[in-house]
Each structure stands twice: as structure tokens, then as C-alpha cells.
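Here is the structure we will look at.
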Amino acid sequence: MSAAEGPTERPAPERVPRAPRGAGGTVSILAALAGILLLAWLVHEGGAEEVGRRLVGLGPVLPLALLPYTVVSLCDALGWRVVLRAFGVAQPFARLWLERLAGEAVNSVAPTGVGGEPVKILLLRADGVRGSAAAAAVVTSRTGLILAQSLLVVFGIVALLVRLGRHVAAPIALAGLLGLTALFGLLLVRVQKGGLARTVARGLAGLLRTSSHTAGRVERSAADFDAHLATVYATRRLTLLGAAAWHMLGWLASAAEVWVLLRLLGTSISQTDALIVEGLAQPIRATSILVPGAVGTQEGGGVALCSWLGIPPATGLALWLVRRGREVLFDAVGLLYLTARNVRRG
């Protein structure tokens with residue numbers, strides 16, 4: 001039996017983690033407040049009445065705004081399923097989808113934007129999946145997501161160059177950026193295969209001066225985690241590519257969401273412009289490391305991008321507010337699922 005297909009453990013006795021109660025930390029709270037103030041200023045500057053009129057104008061077609069992101073979430077869950085199957089884990093798809101929504105909901109409110117990954121691991125453990133396999137599967141899936149996101153940014157930059165008429169620079173930039181993305185992916189996988197978890201576990205044990213028993217147990221878990229990653233990357237090399245392909249399809253559906261929503265709001269743009277908006281919005285979204293949920297910064301950067309493309313500020317702000325509302329709705333589903341899991345285990 002390979003390391004990736006080890007026996008499952010009994011569900012952990014601890015409860016499924018609850019959603020965070022607050023942003024966490026004074027800095028995060030202040031950052032969140034600053035983001036809310038920025039969002040309020042954007043609504044004021046964009047004309048609250050005009051923005052409201054555009055939102056109300058969506059009327060009965062508003063449910064259509066949920067369709068593109070539903071495709072996004074399903075694609076991400078399918079990418080996760082590819083990885084889990086490589087680790088010998090077979091889960092009902094509906095449960096995987098809900099567990100991923102739960103993790104992403106926590107990511108939306110966590111100060112670092114990555115708090116949902118431990119939640120996903122603990123949810124899988126509660127389902128009886130071996131802890132090291134669950135952790136390795138989450139890391140592999142996240143790697144595929146990051147690589148696909150990097151490709152989306154590349155496509156957004158190249159689309160921008162084409163729009164600016166840089167027809168010579170565009171293919172050169174495409175080749176160079178694709179090469180850098182491939183190099184980044186190879187380095188990322190190499191680091192993961194190099195036993196990083198065990199090295200970190202040893203360093204932390206020495207730094208925290210834990211008991212030899214505790215240090216040994218942590219190091220064994222880290223070594224098991226490293227073995228799972230190394231085995232999957234060495235023997236099932238298409239796993240990461242398959243996951244990344246599903247995540248890439250999800251990112252393209254996210255770009256399609258921009259195109260669909262703007263049409264519903266009465267403004268038509270090309271598919272190229274939609275790709276530019278979604279691709280260049282990713283670095284802005286990275287501000288969630290500082291501002292929980294990138295509240296305010298996501299809308300501000302998004303409005304700036306839309307305005308540069310000739311989209312009226314009120315329409316651009318309405319677009320990002322609808323996307324924010326959609327995000328809150330899906331996050332609510334994830335958090336309700338977390339609550340239900342706790343109630344059942346309570």
C-alpha cells in the first residue's frame with residue numbers, strides 16, 4: 001500500500017471548527033474598518049442614488065447573477081476531487097462542494113485570507129480521512145489553484161497589451177510570463193517534495209523546546225505529510241495538472257461573470273475587457289492579507305479598472321457590489337454548513 005493510500009483514521013474527537021467570531025487582532029479590525037469607510041466613500045462618490053437605481057434595475061434577472069459563480073464553485077470542487085482521489089479519498093461530491101464553500105467562507109473573514117485551509121483539513125478528518133492525507137490534499141489543491149490564478153493574471157496582462165495595441169510586445173510577454181509561471185510551479189512542487197514540513201517541525205520543536213515525545217509525534221506527522229506529497233507528485237503527476245485545469249476553468253467562469261453582470265447592468269464589454277478586469281483584479285484581491293475579505297480595496301480597485309476601460313463609475317461600483325453580495329451569500333451557505341456540522345456532532 002502506497003503512502004498516498006494509507007488506512008483512514010477514526011474521526012477526530014474534537015468538533016468541526018466553528019467560524020471565526022471576529023476579524024482577529026487590533027490591526028485586522030482597524031484594516032476592516034478602513035475598508036468599510038473606503039467602500040462608503042466609493043458609494044458616496046459614485047452617487048448612491050445612481051448606484052441604487054442600477055441595482056434595483058436588475059429586478060427579476062438578479063438570480064442570473066448567481067449562475068457564473070455557481071459554475072466557479074463547482075469547478076473548484078471538481079479540482080479538489082481530482083486531488084482527493086489521488087490520495088485514495090472518495091467523498092460524495094455534494095459534501096466536497098459544501099466543505100469547500102465552508103473553507104472559502106472562513107478565508108473571506110480570516111485576517112490572512114488562508115484560515116480556511118485548516119478548516120478544510122479538519123472537516124476531512126471529521127469525515128474519517130487520515131490527517132496527513134487530508135493536509136497534503138488541501139496543499140496540493142491550493143497549489144493547483146494558485147497556478148491557475150497565476151495563469152489568469154498572465155492572460156489579463158497579455159489581453160491588456162493587445163487592447164493597448166502592443167501587438168509585438170503581447171506574444172513576447174505571453175511567452176516570458178508563461179515561462180516564469182512554469183518555473184514558479186516547478187519550484188513550488190520541488191519545495192513541497194523536499195521534506196519542508198519535517199524540517200519546519202524540527203525547527204519549531206527546537207524553538208519551542210517541546211518534550212521529546214511531543215516533538216517525535218509532530219515530526220512523524222510531518223514526515224507522513226511529506227511522504228503523501230512526494231508519492232502523489234512522483235507517481236501521479238497528472239493530478240496537479242488536472243486540478244489546475246478545473247481551477248483554470250473556474251477562473252475563466254469568474255471572468256465570464258464580469259461580462260454577464262455588466263450586460264445585466266446595461267453595459268456591454270468585450271470578452272477581452274472582462275478578462276482584463278478579472279485578471280488584474282487578482283493582485284488587488286491579494287490585499288485580503290491585510291484587509292479581511294479585501295472589503296473596500298476590492299471595490300476600489302475594481303471601480304478604477306472599470307473606469308479605465310470606459311465603464312461609468314456607478315456601473316462599475318454596482319458590478320462589484322453585486323459580486324460582494326454574491327460572495328456573502330455563498331459564504332453564508334458555507335458558514336451554515338459549518339454550524340450544521342457542529343450541531344450534529346454536539
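Model, not experiment: these values are computed from the prediction.
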Does the side chain to side chain contact (heavy atoms under 4.5 Å, CB included) test come out yes or no for Val106 and Leu338, once each step is laid out? CA-CA 10 Å; Val106 175; Leu338 272 181; 3.9 Å; yes
Mark yes or no for whether Ser73, through its side chain, and Thr70, through its backbone, hold a donor-acceptor pair below 3.5 Å. yes
Given the ring of Trp320, does Arg323 sit roughly above its face, with NZ or CZ under 6.0 Å from the centre of the six-membered ring and within 45° of the axis? yes
List the atom of Ala253, the atom of Pro68, and the distance in Å for their closest heavy-atom pair. O-CB, 4.0 Å
Tell me whether Trp251 is reachable from Val154 by hopping between hydrophobic residues (I, L, V, M, F, W, Y) whose side-chain heavy atoms are closer than 4.5 Å. yes
In Å and rounded to the nearest 0.5 Å, what is the CZ to CG distance from Arg95 to Leu123? 9.5 Å
Begin with the C-alpha distance, continue with both residues' side-chain angles, and end with the deciding distance and a verdict on side chain to side chain contact (heavy atoms under 4.5 Å, CB included) for Asp127 and Glu99. CA-CA 11 Å; Asp127 291 337; Glu99 289 179 346; 2.4 Å; yes
So, do Val258 and Ile269 sit near enough that their side-chain heavy atoms are less than 4.5 Å apart? yes
Are Val260 and Leu64 connected in a single hydrophobic cluster, I mean Ile/Leu/Val/Met/Phe/Trp/Tyr linked by side-chain heavy atoms less than 4.5 Å apart? yes
Closest approach of Ala137 and Leu84, non-hydrogen atoms and distance? CB-CD2, 3.5 Å
Val162 vs Thr272, side chain to side chain contact (heavy atoms under 4.5 Å, CB included): CA-CA, chis, key distance, verdict: CA-CA 9 Å; Val162 171; Thr272 300; 5.6 Å; no
Look up atom NZ in Lys120 and atom CG in Leu101, then write down how far apart they are to the nearest 0.5 Å. 9.5 Å
Donor-acceptor contact present, side-chain Ser254 to main-chain Gly250, <3.5 Å: no
Under 3.5 Å donor-acceptor, Gln282 side chain and Glu278 backbone: yes
When every non-hydrogen atom of Ile146 is compared with those of Phe184, the smallest separation belongs to CG2-CE2, 3.9 Å
Taking the side chain as every heavy atom from C-beta outward, state whether Ile121 and Val129 have any atom pair closer than 4.5 Å. no
On a heavy-atom basis, which atom in Ala243 and which in Val82 lie closest, and how many Å separate them? N-CG1, 4.1 Å
Common cluster, Phe93/Val72, ILVMFWY with side-chain heavy-atom separation under 4.5 Å: yes
If hydrophobic clusters are built from ILVMFWY residues whose side chains come within less than 4.5 Å, do Tyr337 and Val328 share one? no
Please check if the side chain of Trp259 supplies one atom and the backbone of Ser270 the other of a donor-acceptor pair under 3.5 Å. no
Are Leu261 and Arg326 side-chain neighbours, meaning at least one heavy-atom pair lies under 4.5 Å? no
Just do the side chain to side chain contact (heavy atoms under 4.5 Å, CB included) check on Glu257 and Val71 with the steps written out, would you? CA-CA 10 Å; Glu257 180 185 47; Val71 174; over 6 Å; no
Quick one: does Trp80's side chain get under 4.5 Å of Val138's, heavy atoms only? yes
So, for Gly185 and Leu147, which heavy atoms are closest and what is the spacing to 0.1 Å? CA-CD2, 3.5 Å
If you measure from CZ on Phe155 to CG on Leu252, what distance do you get to the nearest 0.5 Å? 7.5 Å
Do the side chains of Ile172 and Leu161 join up, straight or via other hydrophobic residues, at under 4.5 Å, putting them in one cluster? no
So, Thr143 side chain and Val139 main chain: donor-acceptor pair closer than 3.5 Å or not? yes
Could you tell me which non-hydrogen atom of Leu145 sits nearest to which non-hydrogen atom of Arg100, and how far apart they are? CD2-NH2, 3.8 Å
To the nearest 0.5 Å, tell me how far Leu174 CG sits from Leu178 CG. 4.5 Å
His247 side chain near Gln149 side chain, heavy-atom distance below 4.5 Å: no
Just verifying a value: how many Å separate Ile276 CD1 and Trp308 CH2, rounded to the nearest 0.5 Å? 6.0 Å
Which other residues end up in the same hydrophobic cluster as Leu336, if Ile, Leu, Val, Met, Phe, Trp and Tyr are linked when side-chain heavy atoms come under 4.5 Å apart? none
Distance in Å, Thr267 OG1 paired with Leu309 CG, rounded so as to fall on 0.5 Å steps: 12.0 Å
The criterion is ring-ring contact (aromatic ring centres under 6.0 Å, His included); which residues satisfy it with Phe330, sequence neighbours excluded? Tyr69
